[in-house]
Protein chains: 4
Amino acid sequence: MARGLNKAMLIGHLGTDPEMRVTPSGQSVVNFTLATNESFKDSGGNLQERTEWHRIVAWGKLAEICNQYLKKGRQVYVEGRLQTRSWEDNKTGEKKYTTEIICSDMQMLGSGRDQGGQGYDNSTSYQQPASRKQSFGNNNPEESAPGSETEKDDLPF
Amino acid sequence: MARGLNKAMLIGHLGTDPEMRVTPSGQSVVNFTLATNESFKDSGGNLQERTEWHRIVAWGKLAEICNQYLKKGRQVYVEGRLQTRSWEDNKTGEKKYTTEIICSDMQMLGSGRDQGGQGYDNSTSYQQPASRKQSFGNNNPEESAPGSETEKDDLPF
Amino acid sequence: MARGLNKAMLIGHLGTDPEMRVTPSGQSVVNFTLATNESFKDSGGNLQERTEWHRIVAWGKLAEICNQYLKKGRQVYVEGRLQTRSWEDNKTGEKKYTTEIICSDMQMLGSGRDQGGQGYDNSTSYQQPASRKQSFGNNNPEESAPGSETEKDDLPF
Amino acid sequence: MARGLNKAMLIGHLGTDPEMRVTPSGQSVVNFTLATNESFKDSGGNLQERTEWHRIVAWGKLAEICNQYLKKGRQVYVEGRLQTRSWEDNKTGEKKYTTEIICSDMQMLGSGRDQGGQGYDNSTSYQQPASRKQSFGNNNPEESAPGSETEKDDLPF
DNA sequence: TTTT
DNA sequence: TTTT
């Protein structure tokens, strides 16, 4: 359960193809960068553009889906939580920090035609289970009875 | 899975105590209203206040927690999806519509001392599982190994 | 200023062309509907689809931009606040309620090629000023010095 | 105007009193850190707690309000955009990166009684103007109109 | 009434 | 460095 809210919501384009790896314990992780663009006027009244780059991390099945369907240039919606991790620079021994968005929901936007798409279903989205967050039963039990196989399928399409 | 985003996020105070019922199939549902307040200046420059009322619905364990811990006046954060349902007015036979927020995440805010609180843990929050939404594995499998008992407990405190 | 949070965030497709009108006081208003789609498995394990329809309202320049660039079928991101207004049914005299999203930010998504697009810049977004909300100076004054003409232009493209 | 969405939403407690400074050009800036807490069960099924720390930056009037009313320990809602800036470490000459949330909306939560509060209006919130974002007129001019009946009903149900 |  |  969260005690406090920690949420990031982004719409942007992938700057790189997703990079997939598998942890020693056998879990899938994917990393990619996402650019969000913003225009503003500077103090001289000239229209300027700023691009902000975000580091996205996804785990498990969501990682696999990102790896399979996302490509550099693809427009996506990403929702997740902010996480800053520290690591030691091998060369200097210094402690460094990186802030990442741990993705819990991803949606492909647009038609995918000019996005390097090759026949995927571009309007599908994917959401992580809330199992880590101490769940409290079904959201709407009229739709999904106890014992249904809802979560046992691997892929929804 | 969502195809598209449908999200509401509210911070406000309960206008009523939660009302709990159990469906014929044995599922818990809770309803309450939430007031969000906004101030603005009218065209005369005078500060005006507007209160917007929202109808909140929660299912399952989240319903039970709302029922147990929330009281009229309590300040909460509510996240959910918008849903408009129609029903027939018994007296006139007319079709009517109500828009509700189907709650998937709730957090109690503040210290609870002057909120009618009687000893509850005011900083706990609760989130629905994403089981209805075709999940894809654990959010961060390093923390919650396959086969762990994460979701088998009833209450997180 | 808001006292409380009242926010809706949607990604969906327009179900209708925007309908524009001008109020007696000369203000532009636009209305359109937005569909958000969600798939889920029913208790029998079958994939079901649900479409939720939302009523979107935009005012002022944002209304004009919606009117000019949006078309039925267009995929957009919409952010706004929930507002329920009541009106009297002319035929029955009954009081009725409608919940709408008062749009404060809109973005066109995708490439626009197969969306009825006719040469507009599809990646532009538009955001309402916060003038009604008791503002407190510039967000980042290094970028927009006092006295700059930031808000005097009508159209950003 | 944004082209793409870049939004962070946080509810947490200040880890430090806000630190205010004034830029050479005379603009106010405030910095503080915000802790968001999350509980989860580890793979052994034990309840663990994680605290995530966020660096918040506010400009202009919003900076002044944060400086005046916020204190270490205060619970707040913060909304803003993610921004990563780089700087050179004086000692090592290395390039380093920091991700901050440029605050555009802030709300004090709770009653403020045990939060070091000294008579401020604890339920006030503050929102930046959207002047940098190329605004398009009034959000809802019907509300600013003298004598409109829009807001006179109390309860919609 | 949208989209895939 | 916060909070419960």
Side-chain angles (χ1 to χ4, degrees), chain A residues 1-6 69 84 107-113 117 119-125 156-157, chain B residues 1-6 69 84 107-113 117 119-125 156-157, chain C residues 10-19 31-39 47 49-56 70-78 108-116, chain D residues 10-19 31-39 47 49-56 70-78 108-110 112 114-116:
Chain A
M1 61 208 167
R3 305 190 310 148
L5 180 69
N6 174 0
Y69 294 107
T84 300
Q107 288 188 48
M108 295 180 251
L109 302 175
S111 73
R113 301 203 185 175
Y120 49 74
D121 172 359
N122 67 285
S123 60
T124 310
S125 83
F157 47 87
Chain B
M1 63 208 164
R3 304 190 311 147
L5 180 69
N6 175 1
Y69 294 107
T84 299
Q107 289 187 49
M108 296 179 249
L109 302 174
S111 74
R113 302 204 184 173
Y120 48 75
D121 171 0
N122 65 285
S123 60
T124 311
S125 84
F157 47 87
Chain C
L10 307 172
I11 294 175
H13 293 83
L14 277 84
T16 53
D17 284 345
E19 283 180 34
N31 292 269
F32 58 89
T33 57
L34 192 71
T36 55
N37 299 290
E38 188 175 356
S39 316
L47 202 56
E49 181 148 319
R50 169 174 45 211
T51 296
E52 192 66 38
W53 287 98
H54 311 269
R55 307 177 70 89
I56 314 294
L70 299 189
K71 290 275 173 248
K72 175 176 170 175
R74 194 67 161 96
Q75 190 183 34
V76 292
Y77 165 79
V78 160
M108 296 180 251
L109 301 175
S111 74
R113 299 204 185 173
D114 11 53
Q115 305 201 31
Chain D
L10 307 172
I11 294 174
H13 293 84
L14 276 84
T16 53
D17 283 344
E19 282 180 34
N31 291 270
F32 59 88
T33 57
L34 192 71
T36 55
N37 300 289
E38 189 174 356
S39 317
L47 201 57
E49 180 147 320
R50 170 172 44 210
T51 296
E52 192 66 38
W53 287 98
H54 310 269
R55 306 176 70 90
I56 314 295
L70 300 188
K71 292 276 172 247
K72 175 177 170 174
R74 194 70 162 95
Q75 189 183 35
V76 293
Y77 166 79
V78 160
M108 295 180 251
L109 302 175
D114 10 54
Q115 307 200 29

Separation of C:Glu38 atom CD from E:dT3 atom P, in whole Å? 19 Å

Go through E:dT2, F:dT2, F:dT1 for me and flag the one nearest to the C:Ala35 side chain. E:dT2

Just call it for C:Thr51: base, sugar-phosphate, or nothing, with non-hydrogen atoms closer than 4.0 Å on any strand. base

In whole angstrom, give the distance that lies between atom CZ of C:Arg50 and atom C1' of E:dT2. 16 Å

For C:Glu52, the option from C:Thr36, C:Asn37, C:Leu34, C:Leu10 that meets side chain to side chain contact (heavy atoms under 4.5 Å, CB included): C:Thr36

If you measure from CZ on A:Arg3 to CD1 on D:Ile11, what distance do you get to the nearest 0.5 Å? 13.5 Å

Separation of atom CZ in D:Phe32 from atom P in F:dT2, rounded to whole Å: 15 Å

From C:Met108 CE over to A:Leu109 CG, what is the distance, rounded to the nearest 0.5 angstrom? 14.5 Å

In terms of side-chain heavy atoms of C:Glu49, which of F:dT1, E:dT1, E:dT3 is nearest? E:dT3

To the nearest angstrom, how far is B:Leu5 atom CG from E:dT2 atom P? 21 Å

CG of D:Leu14 versus P of F:dT4: gap in Å, rounded? 14 Å

Value in whole Å for how far the C1' atom of F:dT4 lies from CD of D:Gln75: 10 Å

Side chain of C:Asn37, base of E:dT2: donor and acceptor closer than 3.5 Å? yes

Whole-Å gap separating P (F:dT3) and CG (B:Leu109): 16 Å

Nearest-Å distance, NE2 (D:His13) to P (F:dT1)? 17 Å

Shortest non-hydrogen pair, D:Leu70 vs D:Pro18, comes out as O-CD, 3.3 Å

Is the ring of D:Trp53 stacked on the base of F:dT1, with centres less than 5.5 Å apart and planes under 30° off? yes

